[in-house]
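Scroll down for the structure; my scribbles are underneath it.
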Amino acid sequence: MRQSSPDHGLPPLPDPATPTPRRLHMITWGCQMNVYDSARMADVLAPLGYAPTPSPDEADMVILNTCHIRDRAAEKVFSELGRLRGLKAGRAAAGQRMILAVAGCVAQAEGAEILARAPFVDIVLGPQTYHRLPEMVARVARAGGAVIDTSFPAEQKFDFLPEAAAPQTAGGLTAFLTVQEGCDKFCSFCVVPYTRGAEASRPAASVLAEARRLVGSGAREITLLGQNVNAYHGDAPDGGTWGLGRLIRELAEIGGLARIRYTTSHPRDMDAELIEAHAKVPALMPFLHLPVQSGSDRILSAMNRRHTVADYLALIDQLRAARPDLALSSDFIVGHPGETAADFEATLDLVRRVGFAQAFSFKYSPRPGTPAAGAGGQVAEAEKDARLQALQALLRAQQAAFNESCTGRDLPVLFTGPGRHPGQIAGRSPYLQPVHLAGPATLIGRIAPVHITAAHTNSLTGTMHTAPMPEERACA
Ligand code: SAM
Ligand code: SF4
């Protein structure tokens, strides 16, 4: 039964049986987990009639899914809210309503502050409560006023989410799948343990079921996600516990799933079973994002990373022994409190020793409430800038060298969509490089060998390979 609109003139409560079509606009900042969360929020709202719309102009609901990992995140959110305030007022003047929600880690960290500074926001929700969105929408529609839910509920949100809809990226051919959330490691600089809460893994059966559904709706590649994805320890169907290596072996059995990736890993959680999966599971792509943050033991200790440079290098040796063509990516922070010029030199040295195919590097950004924010020895901004530029120049050169080393090789490419120019198609190499070439659109969704003819800063170009090649044989 549809409920009638109450006295205050708000729109009627959506009836899940016959929902009124409504438009949902989402703006997502931050990591792939936020991309996944946004897709799941859309899934949760679909039974209420909400369907995605690319513009906020006509939206009945706008969700800002925020990231708090580095500074200016909150400023970006407030500036976007300022813009949306006008749109919301315009819709109200036309007798229509726009529900405005702020989700994600900024909401978790600054929920009350958001409502104080932007009282026109209707819903503030943290990353662990979005399964309750329909209830929050109903409360806003019924009673008006703002709803805030930034709790860490006892119930696991995954138990309450509807089935994931079609894969979220690259024309549905590649999909993200969150298997683990939260973090107990408390690195000195990081807000994640505070905004995402304690580490928790989804049961393996639920992950396998979601993966089968994603493959059933067309995904050929799945990237397993977690803040510490390799800390995964999910309840197994056999009553035991599976680590990520075992989970990957089981996922690889799903017919039609050609490629598996995982991110983000912590060096301390790279166990023997996972390393072995790199040797034994052909579907596990030879590209690993393994953040090290610094090449100085002193700074790694100050960061509370609980691994040394020697540990990291030994791990890389083991991984390369398991999968000789493994390409590596990493995260680096420059200018952590206490970092001297010599510590920074040690980071450059580590980069030279490992050789990265690609990497992310950031200036240390003090996050309120984290131990490093109040630590002595804060590094001057100009020094951080200079170090970041030096590190990025080295990483760019390594990326260019890696891309260049692919020219003349034959790489299996998963074609994910049309290219930028007519007659072109685009896809991804096993090493996650975008590949562009002239080719028929009929190849989209397939993996086929491409002869790489040129390397660019962030991508490769090639020609269709004429000789037959095993689907996932990596480059020679
Ligand atoms: N769990 C992963 C690990 O431990 O390597 C990292 C996940 S974190 C969400 C993503 C990256 O953001 C980190 O690897 C780090 O390089 C960067 N990061 C986190 N906090 C930061 C801060 N306060 N300032 C600058 N970069 C930061
Ligand atoms: Fe943050 Fe990663 Fe450290 Fe956890 S392990 S606190 S997510 S950087």
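Remember, predicted model here, so these are calculated numbers, not experimental data. Because only heavy atoms are used, hydrogens play no part in the values below, and waters and symmetry mates are left out as well, while side chains stay in. We count ligands from 1, going down the list as the structure has it; atoms in each ligand are counted the same way.
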Side chain, backbone, both or neither: which part of R305 comes within less than 4.0 Å of ligand 2 when only heavy atoms are counted?
side chain

Please check: side-chain N/O of N34 versus main-chain N/O of T66, any donor-acceptor pairing under 3.5 Å?
yes

Would you please determine whether R305 falls within less than 4.0 Å of ligand 1 on a heavy-atom basis?
yes

Identity and separation of the nearest protein heavy atom to atom 1 (N) of ligand 1
Q227 O, 2.7 Å

Looking at E80 and K76, is there a salt bridge between them, counting it only when a charged N and a carboxylate O are closer than 4.0 Å?
no

Nearest to atom 18 (N) of ligand 1 by heavy atom, H336, R70, M33: which?
R70

Closest protein heavy atom (residue, atom, distance) for atom 1 (Fe) of ligand 2:
C190 SG, 2.3 Å

For atom 6 (S) of ligand 2, the protein heavy atom that lies nearest, with its residue and separation:
C187 N, 3.3 Å

Which of the atoms in ligand 2, numbered in the order shown and given with their element, are less than 4.0 Å from a heavy-atom of F186?
6 (S)

Numbered in order shown, the ligand 1 atoms found under 4.0 Å of a heavy atom of H266 are 4 (O)

Candidate with minimal heavy-atom separation from atom 5 (S) of ligand 2, of H266, R306, Q227:
H266

Between P291 and ligand 2, which part of the residue brings a heavy atom under 4.0 Å of the ligand: side chain, backbone, both or neither?
neither

